[in-house]
Amino acid sequence: MTRVISKSGNLKYALAAGEACFDEITPGEVVTVECEINCNADVITSLESTVSPANVKLPFVNPATGPLRVKGAKPGQVLAVAIHAMELDEIGYSALWPGIGIFPDWVRQKEFGIVTRPMRVSNGFVHWSDAKKLPIAPMVGVLGVAPVHGAVLTIDNGPHGGNLDVQEITTGNTILFDVNEEGAALYIGDCHALQGDGECVGMGATEIGARVTLSVELRDKPKRMTWPRIETPTHIATLGCARPLEDAMRIAFEQMVYWLADNWGFSETEAYLFLAQVAQARCTQMVNPKYTYICKVDRSVLR
């Protein structure tokens, strides 16, 4: 039976270097990690629930379960996190919050005000309304390891991972992170039943509690890997996080040039030209302090 790692008492709002781990997982071991819904426990509990300044305390809104020590992990390695399954709660929500989103009024923080839309999630659908049902596409929003130094809030992201909000961080895929300290210190949370590209509002995906079944392995680090990578059965993918948006895109494409050159037999010039023909790329979110961009290449064109 798969061991369950409880979220109870183990929720954090920053990915931190040197923080004591509360549990340990062994490479190859399959575990199920409980993840809390965005905006803390006991806020969205029914279809009548609402978010408000009384129960949402920014920036402490993205609880992640962790850190988990990975046995044998040390700097100079890569932690490969394979996601095997996601079991979702039955209530999710989306919300508008002034000052967060792609149309922020930073000074007055008015916009549309605070709007909460709780939704039932069942039988493979997000029940948007009585007339509309949206097929679920579960994903993990926050996944990462301890940064090189200090702490990074779970609403933010960087080379260590964090609040990446990438739809490809999902069942059947493997996500790669540089190990920055002994034990790696793995964090996971902010699961979504569904998320549109760009995640255009601050609490924009179908935020939901979940239980994520995963395993990890340790690999030698590729010599020029400095940002998270994703392996799927059909694609390889690189990520970049930055502001402005074009810098996030540049990081993702740069990392893909390096991957193609170091592992797939391309020169850097050829890899750059090749991406102009085959890259599949998009912004996955524009609501975190740094935007996320993904660059994908279909494995079929690399054979």
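Only a predicted model underlies this, so the values are computations on that prediction, with no experimental measurement involved.
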Any side-chain donor-acceptor pair under 3.5 Å between [X] and [Y]?
{"X": "Ser94", "Y": "Thr206", "value": "no"}
{"X": "Thr292", "Y": "Gln285", "value": "yes"}
{"X": "Gln255", "Y": "Thr226", "value": "yes"}
{"X": "Asn38", "Y": "Asn62", "value": "yes"}

Beyond-backbone contact of [X] with [Y], side-chain heavy atoms, under 4.5 angstrom:
{"X": "Val287", "Y": "Cys200", "answer": "no"}
{"X": "Trp227", "Y": "Cys241", "answer": "yes"}
{"X": "Pro53", "Y": "Trp97", "answer": "yes"}
{"X": "Thr238", "Y": "Met225", "answer": "no"}
{"X": "His235", "Y": "Asn173", "answer": "no"}
{"X": "Arg299", "Y": "Glu231", "answer": "yes"}
{"X": "Ile5", "Y": "Ile25", "answer": "yes"}
{"X": "Ile136", "Y": "Leu194", "answer": "no"}

Between [atom1] on residue [X] and [atom2] on residue [Y], distance to nearest 0.5 Å:
{"X": "Leu79", "Y": "Leu218", "atom1": "CG", "atom2": "CG", "answer": "6.0 Å"}
{"X": "Thr171", "Y": "Ile169", "atom1": "OG1", "atom2": "CD1", "answer": "12.0 Å"}
{"X": "Ile155", "Y": "Phe60", "atom1": "CD1", "atom2": "CZ", "answer": "9.0 Å"}
{"X": "Leu15", "Y": "Asn157", "atom1": "CG", "atom2": "CG", "answer": "10.5 Å"}
{"X": "Arg69", "Y": "Asp23", "atom1": "CZ", "atom2": "CG", "answer": "12.0 Å"}
{"X": "Asp42", "Y": "Glu36", "atom1": "CG", "atom2": "CD", "answer": "7.5 Å"}

Donor-acceptor contact below 3.5 Å, side chain [X] vs main chain [Y]:
{"X": "Glu181", "Y": "Gly18", "result": "yes"}
{"X": "Asn55", "Y": "Val43", "result": "no"}
{"X": "Gln167", "Y": "Gln195", "result": "yes"}
{"X": "Thr213", "Y": "Thr32", "result": "no"}
{"X": "Asp165", "Y": "Met286", "result": "no"}
{"X": "Glu111", "Y": "Asp105", "result": "yes"}
{"X": "Asp156", "Y": "Gly162", "result": "no"}
{"X": "Ser49", "Y": "Ser46", "result": "yes"}

Inset, instruction - Please assess Val257 against Leu275 for the test side chain to side chain contact (heavy atoms under 4.5 Å, CB included), listing each intermediate value before the final yes or no. - result: CA-CA 8 Å; Val257 167; Leu275 288 179; 3.8 Å; yes
Are [X] and [Y] in one and the same hydrophobic cluster, where Ile, Leu, Val, Met, Phe, Trp and Tyr link if side-chain heavy atoms are under 4.5 Å apart?
{"X": "Val126", "Y": "Ile91", "result": "no"}
{"X": "Met249", "Y": "Leu245", "result": "yes"}
{"X": "Met139", "Y": "Tyr187", "result": "no"}
{"X": "Ile230", "Y": "Ile83", "result": "yes"}
{"X": "Leu186", "Y": "Val142", "result": "no"}

Legend entry - N-O pairing of Glu34 and Lys7 below 4.0 Å: no
Legend entry - Presence of salt bridge, Glu29 and Lys71, under 4.0 angstrom: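 Answer for the salt bridge query: no.
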Tell me whether [X] at atom [atom1] has more than 12 heavy atoms from other residues, nucleotides or ligands lying less than 6.0 Å away.
{"X": "Arg282", "atom1": "CZ", "result": "yes"}
{"X": "Glu246", "atom1": "CD", "result": "yes"}
{"X": "His84", "atom1": "NE2", "result": "yes"}

Of the non-hydrogen atoms in [X] and [Y], which two are nearest, and what is the gap between them?
{"X": "Asp247", "Y": "Arg243", "result": "OD2-O, 4.0 Å"}
{"X": "Cys39", "Y": "Val56", "result": "SG-CG2, 3.8 Å"}
{"X": "Cys35", "Y": "Val212", "result": "SG-CG2, 4.0 Å"}
{"X": "Ala64", "Y": "Thr154", "result": "CB-CG2, 4.1 Å"}
{"X": "Lys12", "Y": "Pro67", "result": "NZ-CD, 4.1 Å"}
{"X": "Ser122", "Y": "His127", "result": "OG-NE2, 3.1 Å"}

Inset, instruction - Scan for ring-ring contact (aromatic ring centres under 6.0 Å, His included) pairs involving residues 265-303, sequence neighbours excluded, and state none if there are none. - result: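 For residues 265-303, and leaving out neighbouring residues, the ring-ring contact (aromatic ring centres under 6.0 Å, His included) pairs sorted by first residue read Phe266-Phe274.
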Legend entry - Partner of Leu68 under side chain to side chain contact (heavy atoms under 4.5 Å, CB included), chosen from Val31, Asn10, Val33: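 Of all the options given, the one that passes is Val33.
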Legend entry - Option among Thr26, Val30, Val70 that satisfies the side chain to side chain contact (heavy atoms under 4.5 Å, CB included) test with Val216: Val70
Legend entry - Lys223, Arg229, Lys221 screened by salt bridge (charged side-chain N to carboxylate O under 4.0 Å, His left out) with Asp178, the one that passes: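 Output: one option passes, namely Lys221.
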Inset, instruction - Give the intermediate values and the outcome of side chain to side chain contact (heavy atoms under 4.5 Å, CB included) for residues Val179 and Val145. - result: CA-CA 7 Å; Val179 175; Val145 297; 5.9 Å; no
Legend entry - Ring-face cation of Arg117 near Trp128 (centre distance under 6.0 Å, axis angle within 45°):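 Yes.
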Inset, instruction - Step by step, work out the side chain to side chain contact (heavy atoms under 4.5 Å, CB included) result for Val166 and Ile175. - result: CA-CA 11 Å; Val166 175; Ile175 302 85; over 6 Å; no
Legend entry - Verdict with reasoning, Tyr13 to Lys57, per side chain to side chain contact (heavy atoms under 4.5 Å, CB included): CA-CA 11 Å; Tyr13 293 93; Lys57 302 299 181 184; over 6 Å; no
